[in-house]
Amino acid sequence: MIEQIPAKHIVTKTRTSDWFGMDYNMNIYHGCCHGCIYCDSRSSCYQIRDFDRVRAKENALQIIRDDLRRKVKKGVVGTGAMSDPYNPFEAELYLTRHALELIDAFGFGIGIATKSTLMERDVDVLESIREHSPVLLKVTVTTPYDQLAKKLEPGAPPSSARMELIARLRRHKLFTGILLMPVLPFIEDEEEAVIKLVTMAGEAGASFIYPAFGMTLRDGQREWYLDHLEELFPGQGLKLQYLKRYGNSYECASPKAKKLWDAFTAECEKRHILYQMKDIIPAYKRGYTYTQLSLFD
């Protein structure tokens, strides 16, 4: 039985729509069980206790219904920023699916970020939303190598399974691509790996790849991450490398970031994959305008 936590609102206005053109945020769950060692949501500033234990917001669907009903302006609702909307509990609870049905009913668009192949279950609702509003599906893949992904993201499906998910979603003509972030310095930031990932994405038919060649480290998250590096990669001195290069810095760009960017963009151009926000947003919103969306007010 999943623990329930109280909430007053779930669908909230974003401060800016710069991030993939999202107008609203929606997080139904707290915590995540993918176990990714680098997750920014572990940071102390978010005050999420027992982050690896998933909880659901009490009366979530009623709150989402009321939140959507009160919105004066239609737009795109983003989910997956703080916790994966397709955690294992979702397979039985259907909270994310029913929230998508409400988003459909009220005439909003949707942007989903996930590592889970469970998203495919809701293709029918996503196709229904696409009839009137933008749909953007973001699948996080940080490495093309399943063995490495198993170390870094032990509770998530293998990278290869996520690529197969992208291919299946694209066969439904849903605008789907990859969040290539973080790319962990000294671990994932090899040019060969980046090119291999772009190649796999191209073969899957990905609409876009949005990268960050590096990572962020905040208080709470930093200690967790560095300690796990010692456990997973013993004897490699990775913790010392991080402390020496980054200290307590928030932004930890890969020392190879420029070289990786050049190789990445060249490969994306060759395969006609979008990679810049200024191109991705208009591409998935093409054919939809706020005039169209406002018809549902």
Side-chain angles (χ1 to χ4, degrees), residues 4-32 41 46-48 54-87 89-90 93-114 118-119 121-138 169 174-177 179 207-208 210 277-278 280-297:
Q4 303 278 318
I5 57 174
K8 291 184 178 179
H9 296 285
I10 294 178
V11 182
T12 58
K13 188 80 175 71
T14 59
R15 281 177 289 193
T16 172
S17 59
D18 291 348
W19 183 253
F20 286 100
M22 297 296 107
D23 302 293
Y24 302 98
N25 285 322
M26 178 182 73
N27 287 296
I28 301 171
Y29 295 98
H30 256 216
C32 186
S41 296
Y46 297 123
Q47 299 180 342
I48 301 177
V54 176
R55 285 139 286 176
K57 293 181 180 176
E58 193 173 24
N59 300 317
L61 296 175
Q62 294 93 319
I63 294 171
I64 291 168
R65 179 201 61 197
D66 293 341
D67 284 345
L68 292 173
R69 182 182 288 160
R70 282 191 290 262
K71 302 302 180 194
V72 175
K73 185 176 181 181
K74 308 300 182 190
V76 181
V77 178
T79 188
M82 292 296 297
S83 61
D84 198 309
Y86 288 104
N87 61 72
F89 293 97
E90 172 61 21
L93 295 178
Y94 281 69
L95 293 177
T96 295
R97 180 179 175 86
H98 293 324
L100 293 178
E101 291 169 341
L102 288 168
I103 285 167
D104 186 17
F106 281 94
F108 286 75
I110 186 66
I112 302 174
T114 185
L118 182 58
M119 180 163 60
R121 178 198 66 186
D122 297 336
V123 160
D124 59 327
V125 187
L126 296 170
E127 288 180 316
S128 182
I129 295 171
R130 186 184 58 190
E131 291 297 313
H132 54 77
S133 302
V135 172
L136 173 69
L137 306 179
K138 300 171 284 182
L169 293 170
L174 292 164
F175 195 94
T176 310
L179 290 178
S207 306
F208 67 92
Y210 193 70
M277 196 68 77
K278 67 180 181 66
I280 297 169
I281 295 174
Y284 90 86
K285 290 189 174 183
R286 190 169 295 126
Y288 304 99
T289 66
Y290 284 110
T291 301
Q292 288 173 306
L293 291 173
S294 68
L295 293 175
F296 295 85
D297 284 349

Sidechain-backbone polar pair: T14 side chain, M22 backbone, donor-acceptor under 3.5 Å: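 Yes, because the side chain of T14 sits within donor-acceptor range (under 3.5 Å) of the backbone of M22.
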Side chain of D84, backbone of T114: donor and acceptor closer than 3.5 Å?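 Side chain of D84 to backbone of T114: no pair is present.
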Could you go step by step and tell me if I64 and M26 meet the side-chain contact (heavy atoms from CB on, under 4.5 Å) rule? CA-CA 8 Å; I64 291 168; M26 178 182 73; 3.9 Å; yes
side-chain contact (heavy atoms from CB on, under 4.5 Å) evaluation trace for L95 with E90: CA-CA 6 Å; L95 293 177; E90 172 61 21; 3.8 Å; yes
Which atom names give the shortest non-hydrogen contact between [X] and [Y], and what distance separates them?
| X | Y | result |
| --- | --- | --- |
| A99 | I28 | CB-CD1, 3.6 Å |
| G107 | S133 | O-OG, 3.3 Å |
| S83 | G31 | CB-O, 3.1 Å |
| V125 | E101 | CG1-N, 3.9 Å |
| T96 | P85 | OG1-O, 2.7 Å |
| K8 | I63 | O-CG2, 3.6 Å |

Heavy-atom distance under 4.5 Å between the side chains of [X] and [Y], does that happen here?
| X | Y | value |
| --- | --- | --- |
| L174 | R130 | yes |
| D104 | H132 | yes |
| W19 | M277 | yes |
| D23 | K71 | no |
| L136 | V76 | no |
| I112 | K138 | no |
| Y210 | I280 | yes |
| L100 | L126 | yes |

Residue pair Y29, F89: steps toward the ring pair (Phe, Tyr, Trp, His ring centres under 6.0 Å) verdict: CA-CA 10 Å; Y29 295 98; F89 293 97; 7.7 Å; no
Would K74 and F106 count as a cation-pi pair here, with the cationic atom under 6.0 angstrom from the ring centre and within 45° of the axis?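 Negative - K74 is either too far from the ring of F106 or too far off its axis.
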Test side-chain contact (heavy atoms from CB on, under 4.5 Å) applied to K57 and H30, step by step: CA-CA 8 Å; K57 293 181 180 176; H30 256 216; 3.8 Å; yes
Start with the C-alpha distance between Y86 and D122, add both sets of side-chain angles, then the distance that settles side chain to side chain donor-acceptor pair (under 3.5 Å), and finish with yes or no. CA-CA 10 Å; Y86 288 104; D122 297 336; 2.7 Å; yes
Would you please classify the geometry between the Y24 ring and the F108 ring as parallel, tilted or perpendicular, with 30° and 60° separating the classes?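 F108 and Y24: perpendicular rings.
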Apply side chain to side chain donor-acceptor pair (under 3.5 Å) to residues T12 and N25 and explain how you reach the verdict. CA-CA 5 Å; T12 58; N25 285 322; 4.8 Å; no
Other residues, nucleotides and ligands only: do more than 12 of their heavy atoms fall within 6.0 Å of CZ on R70?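 Enclosed.
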Take R97 and D124, measure what salt bridge (charged side-chain N to carboxylate O under 4.0 Å, His left out) needs, and give me the verdict at the end. CA-CA 10 Å; R97 180 179 175 86; D124 59 327; 2.7 Å; yes
Output the distance between atom CG (N27) and atom OG (S41), rounded to the nearest 0.5 Å.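 N27 CG to S41 OG: 8.5 Å, rounded to 0.5 Å.
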Taking the six-membered ring for Trp and the full ring for Phe, Tyr or His, determine whether the centres of Y284 and F20 are under 6.0 Å apart.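 Between F20 and Y284, which both carry aromatic rings, the centre distance is not below 6.0 Å.
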